[in-house]
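Along the sequence shown, residues carry numbers from 1. Below, each value reflects all heavy atoms present in this structure, side chains not excepted, and no hydrogens, waters or symmetry copies. In each ligand, atom 1 is the first atom listed, and ligand 1 is the first ligand listed.
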Amino acid sequence: MSSEVGTEALTRRGLMLVLSSPSGAGKTTISRALLKEEDNLVMSVSATTRPRRPGEEDGKDYFFVEPVDFNLMINRDELLEHAKVFNHYYGTPRAPVETALSEGRDILFDIDWQGTQQLAQKAGDDLVSIFILPPSTAALEKRLKTRAQDSAEVIAQRMSKASEEISHWREYDYVVVNEDVDHCLAEVKAILKAERLRTRRRAGLIDFVNRLREGY
Ligand SMILES: Nc1ncnc2c1ncn2[C@@H]1O[C@H](COP(=O)(O)OP(=O)(O)OP(=O)(O)O)[C@@H](O)[C@H]1O
Ligand SMILES: Nc1nc2c(ncn2[C@@H]2O[C@H](COP(=O)(O)O)[C@@H](O)[C@H]2O)c(=O)[nH]1
């Protein structure tokens with residue numbers, strides 16, 4: 001006897017996709033492009049004490065907060081992770097992440113290696129981490145200068161920390177080189193697609209397979 005099984009029950013829990021890189025390698029660029037092309041993916045908007053750059057919007061690019069408010073968020077356990085990066089504090093608000101995951105949505109993080117280590121401890125199998133490398137030191141510096149949003153002093157400081165940030169590449173599940181945006185985006189999309197199909201994430205498979213087997 002055969003019967004229609006249907007794949008509507010193939011639901012899964014959302015995953016947490018982390019992008020890290022030295023400053024200027026292209027996390028924001030890749031994230032924006034990915035969000036345009038992927039329906040079930042939402043961005044985690046971080047809180048930061050860093051001053052707003054020209055063009056950045058509160059609540060969209062970051063939640064820009066005073067140090068005292070950032071400390072309150074830590075004390076109330078409202079941050080999933082937090083770290084000091086380039087003399088400012090950055091952290092991931094917990095509530096939107098938990099909502100997205102419980103709704104089966106995937107969530108994208110643009111965070112540094114310190115935050116990734118903290119998320120890895122808390123999220124375990126839900127986490128997929130990608131380290132983005134620039135094609136060269138010269139290209140990285142050119143990108144920071146071309147972005148033209150930070151002072152020469154800030155750019156020099158970020159370049160001086162690039163090697164330290166890169167030293168954490170082995171801690172990530174995947175490494176991609178962002179020489180060409182389209183190529184890098186295609187690689188990140190391929191990773192996301194494969195990770196979405198992992199057996200352990202697809203809770204709905206149990207019912208699907210059981211019903212499939214009943215038909216034989
Ligand atoms: N493949 C690429 N080729 C040339 N320029 C690029 C490429 N990818 C990104 N850029 C440019 O490099 C600059 C830095 O990119 P972006 O802001 O995305 O980096 P980031 O990793 O998010 O930096 P930060 O960590 O400081 O937030 C931007 O001006 C962006 O347009
Ligand atoms: N650990 C965390 N790191 C974060 C978070 N949000 C951003 N970042 C990282 O900070 C640097 C600098 O960012 P910029 O916007 O000032 O250029 C970069 O490496 C980001 O990935 C966060 O919530 N937690």
*Classify the contact between Ala25 and ligand 1 as side chain, backbone, both or neither, using a heavy-atom distance cut-off of under 4.0 Å.*
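The answer is the backbone of Ala25.
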Identify, by atom number and element, the atoms of ligand 1 in contact range of [X], meaning under 4.0 Å from any of its heavy atoms.
X: Arg158; result: 26 (O)
X: Ser21; result: 21 (O)
X: Val181; result: 1 (N), 2 (C), 7 (C), 8 (N)
X: Glu179; result: 1 (N), 2 (C), 3 (N)
X: Lys27; result: 18 (O), 19 (O), 20 (P), 21 (O), 22 (O), 23 (O), 24 (P), 25 (O)

Below 4.0 Å, non-hydrogen atoms only: which portion of [X] touches ligand 2? Side chain, backbone, both or neither.
X: Gln118; result: neither
X: Glu165; result: neither
X: Thr92; result: both
X: Glu56; result: neither
X: Gln149; result: neither

*Ala83: numbered ligand 2 atoms lying under 4.0 Å from its heavy atoms*: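 Once the distances to Ala83 are compared, the set is 1 (N).
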*Below 4.0 angstrom from a heavy atom of Asp110, which ligand 2 atoms are there? Numbered from 1 as shown, please.*
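Those qualifying, in numeric order: 4 (C), 5 (C), 6 (N), 7 (C), 8 (N), 20 (C), 21 (O).
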*N or O contact, Asp112 vs ligand 2, cut-off under 3.5 Å*: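 Between Asp112 and ligand 2, an N or O pair is found under 3.5 Å apart.
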*asked:* If I apply the N/O under 3.5 Å rule, does Gly91 come out as touching ligand 2?
replied: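 Between Gly91 and ligand 2 (N or O atoms, distance only) the closest approach is under 3.5 Å.
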Does [X] have a non-hydrogen atom less than 4.0 Å from ligand 2?
X: His88; answer: no
X: Arg50; answer: yes
X: Trp113; answer: no
X: His82; answer: no

Counting only heavy atoms, tell me which of [options] gets closest to [atom].
atom: atom 8 (N) of ligand 1; options: Thr29, Asp182, Asn178, Asp180; result: Asn178
atom: atom 19 (O) of ligand 2; options: Lys27, Arg53, Arg158; result: Lys27
atom: atom 6 (N) of ligand 2; options: Pro22, Ser46, Gly115, Pro93; result: Ser46
atom: atom 7 (C) of ligand 1; options: Arg143, Lys145, Arg50, Glu165; result: Arg143
atom: atom 10 (O) of ligand 2; options: Tyr89, Phe109, Tyr90; result: Tyr90
atom: atom 17 (O) of ligand 1; options: His183, Arg147, Lys142; result: Arg147

Is there a path from [X] to [Y] through hydrophobic residues (I, L, V, M, F, W, Y) whose side chains come within less than 4.5 Å of each other?
X: Tyr174; Y: Leu15; value: yes
X: Ile107; Y: Leu127; value: yes
X: Val181; Y: Leu144; value: no
X: Leu34; Y: Ile130; value: yes
X: Val97; Y: Ile111; value: yes

_side chain to side chain contact (heavy atoms under 4.5 Å, CB included) assessment of Tyr89 paired with Met73_ = CA-CA 12 Å; Tyr89 292 92; Met73 293 173 91; over 6 Å; no
Pairwise distance [atom1]([X]) to [atom2]([Y]) - rounded to 0.5 angstrom:
X: Arg147; Y: Thr28; atom1: CZ; atom2: OG1; answer: 6.5 Å
X: Phe131; Y: Glu171; atom1: CZ; atom2: CD; answer: 9.0 Å
X: Ser20; Y: Trp113; atom1: OG; atom2: CH2; answer: 10.5 Å
X: Thr116; Y: Gln114; atom1: OG1; atom2: CD; answer: 9.5 Å
X: Asp110; Y: Lys27; atom1: CG; atom2: NZ; answer: 5.0 Å

_Under a plain distance cut-off of 3.5 Å, with no hydrogens placed, do Glu187 and His183 share a side-chain donor-acceptor pair?_
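Yes, because at least one side-chain N or O of His183 sits under 3.5 Å from a partner of the opposite role on Glu187.
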_Test applied, side-chain hydrogen bond (donor to acceptor under 3.5 Å, both in side chains); reference residue, Thr92; option that passes from Gln118, Glu81, Glu78, His82_ =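 Exactly one option meets the side-chain hydrogen bond (donor to acceptor under 3.5 Å, both in side chains) with Thr92, and it is Glu81.
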_Regarding ligand 1, does Thr146 bring an N or O atom to under 3.5 Å of one of the ligand's N or O atoms?_
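There is no such contact.
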*asked:* Is there a polar contact, in the sense of an N or O pair closer than 3.5 Å, between Gly24 and ligand 1?
replied: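 Checking ligand 1 against Gly24, an N or O pair does fall under 3.5 Å apart.
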*Lys/Arg-Asp/Glu bridge criterion (N-O < 4.0 Å) met for Asp69, Arg76*: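 Result for this pair is no, no salt bridge flagged.
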